[in-house]
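These notes are about the structure you will find just below.
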Amino acid sequence: MTQPTLPDSDEDDAGLRKPDKPLRRGWTTGACATAATKAALAALLEGKFPDPVTITLPKGETPSFALAHEDLGNDHAKAGIIKDAGDDPDVTHGAMIIAQVRRTRPGAGIIFKAGSGVGMVTKKGLPIEPGKPAINPVPRKMIREVVEEIANKHAVAPDFEVTISVPGGEELARKTWNPRLGIVGGISILGTTGVVHPFSCAAWIHSIHRGVDVARAAGLQHVFAATGSTSEAALVRTFSPDEIAMIDMGDFAGGLLKYLRAHPIPRLTIAGGFAKMTKLAQGYLDLHSSRSQVDLGFLATLARKRGLTQQLSLAIQAANTAKEALEIAQENQINLAGEVADKAAESAFEVVKQQGVRIDIIVVDRSGDLLAKSFRDE
């Protein structure tokens, strides 16, 4: 699973193009941590490091990992693996994932610790309890299984302390959502399958869900979502929300709204640029430029509702971009952004209306200045 970052822009990526060859898969931090743990424990009990080291992933795949770091002492062993995220834009690509294994007292079992660069959980609502290392359940299970496997092979009790470290992980974490989710001091050790699928939506939506869980666990009544950094900054200026109230939605409006339908919070404010909010107004729940497009005819119809003449509405329909359509309306004192905000609020509310979640929509320009706002709660 990747550790994605919030988009830099609220507008579509004009230069986006599909790759001309299959994208290469990679391995999660959890898979790397598991392989490093296996190599370190094998070295501690056998006196040498297996290189490469092979592990079995939850779906039965058996990848091998080359070691980039080895350290064998009298009572401990360390192994490090460079994470390869394939062609996924993951901030942890190229990071060193180090596992140190040390014997502990009889009967203690397997103890997980966060070393340098791995975060600690401080807030409720995450899969791991506050006060524990940010090593997610599946990586914990994978690590536990390799420790028990090797211990059983050598007829010893699985009483070992496993410390996972990521040099530079604290700096990497600033590029992720960890600080907002209450994970401090470094990155999370993630993964459900062990495999990173390039440009997968799953990691992003997973993070959205965890953000909602944290907000609910904290008892928040109002959460905020943005399509990009410009609209997020506008939300912060306007509302000064608690950091954990900010949900990193990006283009995945549907991922947020559908989760809120099942796990409601009384009020949601969504902010975005004009083009993104137009797509939400059209009924799209995935706002990415490769998966939904602005319908200029739709904008022309909205402009006519606000009083624009037939001739000028045809000019909007012939516009090159949503931005140009907005400028035509503005030049003629037509509040097209207001109409878009109203429709976007209706579209979003339709998803969550069974739970009575109030939806606020804020439309901003490229500078983050307010263009329009609307709400729907019934």
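If you read the sequence from its start, that first residue is 1, and numbering goes on from there.
Note on Leu181 and Ile244: same hydrophobic cluster, where clusters join Ile, Leu, Val, Met, Phe, Trp and Tyr whose side-chain heavy atoms are under 4.5 Å apart, directly or indirectly. Put simply, Met120 and Ile183 are part of two different groups of oily side chains (I, L, V, M, F, W, Y) that touch within less than 4.5 Å, one to the next. Residues Ile135 and Leu41 fall within the same hydrophobic cluster, defined by Ile, Leu, Val, Met, Phe, Trp and Tyr side chains chained together at heavy-atom separations under 4.5 Å. The hydrophobic clustering, which links ILVMFWY residues whose side-chain heavy atoms are closer than 4.5 Å, places Trp177 and Val184 apart. No path of Ile, Leu, Val, Met, Phe, Trp and Tyr side chains, each step under 4.5 Å between heavy atoms, connects Leu67 with Met96, placing them in separate hydrophobic clusters.
A donor-acceptor pair shorter than 3.5 Å can be found between the side chains of Ser374 and Asp342. Side chains of Glu46 and His154: a donor-acceptor N/O pair is present below 3.5 angstrom, by distance only. Defined by atom type and a distance below 3.5 Å, a donor-acceptor pair is missing between the side-chain atoms of Ser116 and Ser165.
Side-chain atoms of Pro266 and Val357, non-hydrogen and from C-beta on, never get closer than 4.5 Å to each other. Between Asn136 and Leu190, the closest side-chain pair of non-hydrogen atoms falls below 4.5 Å.
The existence of a salt bridge linking Glu148 and Arg144 is excluded, since no basic side-chain nitrogen approaches an acidic carboxylate oxygen closer than 4.0 Å. Taking 4.0 Å as the cut-off between side-chain N and carboxylate O, Lys83 and Asp90 count as a salt-bridged pair. Salt bridge status for Asp213 with Arg210: present, with a side-chain N to carboxylate O gap under 4.0 Å. Using a 4.0 Å cut-off between charged nitrogen and carboxylate oxygen, Lys353 and Glu346 do not count as a salt-bridge pair.
Atom CZ of Arg267 sits about 4.0 Å away from atom CG of Asp360, to the nearest 0.5 Å. In this structure, Asp251 CG and Met249 CE are separated by 7.5 Å, a value rounded to the nearest 0.5 Å. A distance of 7.5 Å separates OG in Ser231 from CE in Met277, rounded to the nearest 0.5 Å. Rounding to the nearest 0.5 Å places NE2 of His209 at 14.0 Å from CG of Leu126.
Remark: Arg140 engages no residue in a side chain to side chain donor-acceptor pair (under 3.5 Å) (not counting sequence neighbours). Phe375 is linked by a ring pair (Phe, Tyr, Trp, His ring centres under 6.0 Å) to nothing, counting only residues two or more places apart in sequence or in another chain. Among residues two or more places apart in sequence or in another chain, the side chain to side chain donor-acceptor pair (under 3.5 Å) test is passed with Thr56 by none.
Relative ring orientation between Phe239 and Phe224 is described as tilted, the plane-to-plane angle lying within the 30° to 60° band.
Here salt bridge (charged side-chain N to carboxylate O under 4.0 Å, His left out) pairs that include residues 103-117, with residues two or more places apart or in two chains, are Lys113-Glu161. Among residues at least two apart or in separate chains, side-chain hydrogen bond (donor to acceptor under 3.5 Å, both in side chains) pairs with a member in residues 325-340 are Lys305-Glu339, Arg306-Glu339, Lys323-Glu327. Among pairs with a residue in residues 58-86, those fulfilling ring pair (Phe, Tyr, Trp, His ring centres under 6.0 Å) read Trp27-Phe65, at least two apart in sequence or across chains.
When all heavy atoms are compared, the tightest approach of Ala79 to Phe49 is CB-CE2, 4.1 Å.
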